Amino acid sequence: MRKSVIFVADSLDNAHKFQQVLSGLDVDVAAGSSAQFKKLLSQHPGYDLVIYEARGEALGCVAQAESLLLEDGSASLLVIVGEDQLGEFRLPVQVKSDFVVHGAGSEECAARIRQLLWPGNESSASDFIAVDSMTINLATYQVNVAGEPLDLTYLEYALLAFLVTHPGRTYSRDALLRRVWGFDYYGGSRTVDVHVRRVRAKLGPDLSQHLETVRGVGYLWSA
């Protein structure tokens, strides 16, 4: 079934790349700049997906996009976000959403668009991990506790998902920086402690007991 996509971006490189990606999919596309966003929504009712380039203040941009989509119905949102924005970036929880990092390859972008527009076979049972009252969807980067979405930044989610998918193994702060933050991170290793504290606080007293501190070594997720 042919779908309708609204593409919003202010950079020419993303506009060019996504034009090529979308031309290979069964979609009708309306494109414009961020200044034209509201106008595009009103001119093209019944759209199925908004692809939105978050520039500058990413959280404010995404919150505005989520608010507008909620007013219009059940469309999905794909956010293009810069790597430097990931520390504070949160996926919307009230609309079906996903993200790609600025500069992601065309194949990855197409895969995430297909997942939002034609859901079905993209997620398998192996994409879901359940621990007590918590469920992690590894395909959509979403965490629910007792049926309610957990508001995590991208790095908080990445840290939690990594430890949960490697239960019973202790990782030093430096190892977590390499595996979660990546080799290009040059900050102090104590940033891991800060993120662990935040994740524990958001998980609550019962679930946070699984995230154990191994004194003098690092952290582990106990089954």
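Below, all heavy atoms of this structure are taken into account, side chains as well, without hydrogens, waters or symmetry copies. Note that the coordinates shown come from a computational prediction; the quantities given were computed from them, not determined experimentally.
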Side chain to side chain, [X] and [Y], heavy atoms closer than 4.5 Å:
{"X": "Leu203", "Y": "Leu150", "value": "yes"}
{"X": "Leu207", "Y": "Ser133", "value": "yes"}
{"X": "Leu40", "Y": "Phe7", "value": "no"}
{"X": "Ile113", "Y": "Asp98", "value": "no"}
{"X": "Ile6", "Y": "Leu41", "value": "yes"}
{"X": "Leu116", "Y": "Lys96", "value": "yes"}
{"X": "Val101", "Y": "Phe99", "value": "yes"}

Spell out, as yes or no, whether a donor-acceptor pair under 3.5 Å connects the side chain of [X] to the backbone of [Y].
{"X": "Arg173", "Y": "Arg190", "value": "no"}
{"X": "Ser4", "Y": "Asp48", "value": "no"}
{"X": "His102", "Y": "Val81", "value": "no"}
{"X": "Ser208", "Y": "Gly204", "value": "yes"}
{"X": "Glu66", "Y": "Gln94", "value": "yes"}
{"X": "Gln36", "Y": "Ser33", "value": "yes"}
{"X": "Ser222", "Y": "His210", "value": "yes"}

Non-hydrogen atoms of [X] and [Y] that approach each other most closely:
{"X": "Ala158", "Y": "Val180", "result": "CB-CG1, 3.8 Å"}
{"X": "Phe37", "Y": "Val50", "result": "CE1-CG1, 3.9 Å"}
{"X": "Tyr157", "Y": "Gln142", "result": "CE1-N, 4.3 Å"}
{"X": "Glu108", "Y": "Ala104", "result": "OE1-CB, 3.7 Å"}

Is there a donor in the side chain of Asp13 and an acceptor in the side chain of Ser11, or the other way round, less than 3.5 Å apart?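 Indeed, the side chains of Asp13 and Ser11 share at least one donor-acceptor pair under 3.5 Å.
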
Is it true that Lys202 and Asp151 make a salt bridge, defined as a side-chain N closer than 4.0 Å to a carboxylate O?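 Here Lys202 does not pair with Asp151 in a salt bridge, since their nearest N and O are not under 4.0 Å apart.
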
How long is the gap from [atom1] on [X] to [atom2] on [Y], to the nearest 0.5 Å?
{"X": "Phe18", "Y": "Ile51", "atom1": "CZ", "atom2": "CD1", "result": "5.5 Å"}
{"X": "His166", "Y": "Leu176", "atom1": "NE2", "atom2": "CG", "result": "10.5 Å"}
{"X": "Arg112", "Y": "Leu117", "atom1": "CZ", "atom2": "CG", "result": "14.0 Å"}
{"X": "Ser97", "Y": "Tyr52", "atom1": "OG", "atom2": "OH", "result": "14.5 Å"}
{"X": "Thr191", "Y": "Leu155", "atom1": "OG1", "atom2": "CG", "result": "8.0 Å"}
{"X": "Gln20", "Y": "Ser106", "atom1": "CD", "atom2": "OG", "result": "6.5 Å"}

Apply the test ring pair (Phe, Tyr, Trp, His ring centres under 6.0 Å) to residues Tyr171 and Tyr219: give CA-CA distance (whole Å), side-chain angles for both, the deciding distance (0.1 Å), then the verdict. CA-CA 5 Å; Tyr171 289 91; Tyr219 297 99; over 10 Å; no

Audit row: Lys3, Asp28, salt bridge (charged side-chain N to carboxylate O under 4.0 Å, His left out) steps and yes/no: CA-CA 6 Å; Lys3 302 286 188 175; Asp28 295 315; over 6 Å; no

In one Ile/Leu/Val/Met/Phe/Trp/Tyr side-chain cluster, 4.5 Å: [X], [Y]:
{"X": "Leu211", "Y": "Val217", "answer": "no"}
{"X": "Leu220", "Y": "Val199", "answer": "no"}
{"X": "Val27", "Y": "Leu78", "answer": "yes"}
{"X": "Leu70", "Y": "Leu91", "answer": "yes"}
{"X": "Phe162", "Y": "Val192", "answer": "yes"}

Please walk me through it: do Asp10 and Ser34 pass side chain to side chain donor-acceptor pair (under 3.5 Å)? CA-CA 6 Å; Asp10 295 322; Ser34 58; 2.7 Å; yes

After noting the C-alpha distance and the side-chain angles of Leu160 and Leu152, does the key distance pass the side-chain contact (heavy atoms from CB on, under 4.5 Å) rule? CA-CA 10 Å; Leu160 175 63; Leu152 298 172; 4.1 Å; yes

Determine, step by step, whether Arg200 and Thr213 satisfy the side chain to side chain donor-acceptor pair (under 3.5 Å) criterion, reporting the C-alpha distance in whole Å, the side-chain angles of both residues, the deciding distance to 0.1 Å, and the verdict. CA-CA 11 Å; Arg200 281 176 172 155; Thr213 301; 2.8 Å; yes

Under the criterion side-chain contact (heavy atoms from CB on, under 4.5 Å), I'd like the reasoning laid out for Val131 against Met134: C-alpha separation, chi angles, the key distance, then a yes or no. CA-CA 5 Å; Val131 179; Met134 177 179 70; 4.0 Å; yes

With a cut-off of 6.0 Å (strictly less than), are more than 12 heavy atoms of other residues, nucleotides or ligands near NE2 of His16?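 Open.
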
Heavy-atom count around Tyr154 OH within 6.0 Å, excluding the residue itself: above 12?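 No, the 6.0 Å shell around OH holds no more than 12 heavy atoms from other groups.
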
Between Thr153 and Glu88, does a side chain to side chain donor-acceptor pair (under 3.5 Å) hold up when you go through it step by step? CA-CA 6 Å; Thr153 67; Glu88 296 301 322; over 6 Å; no

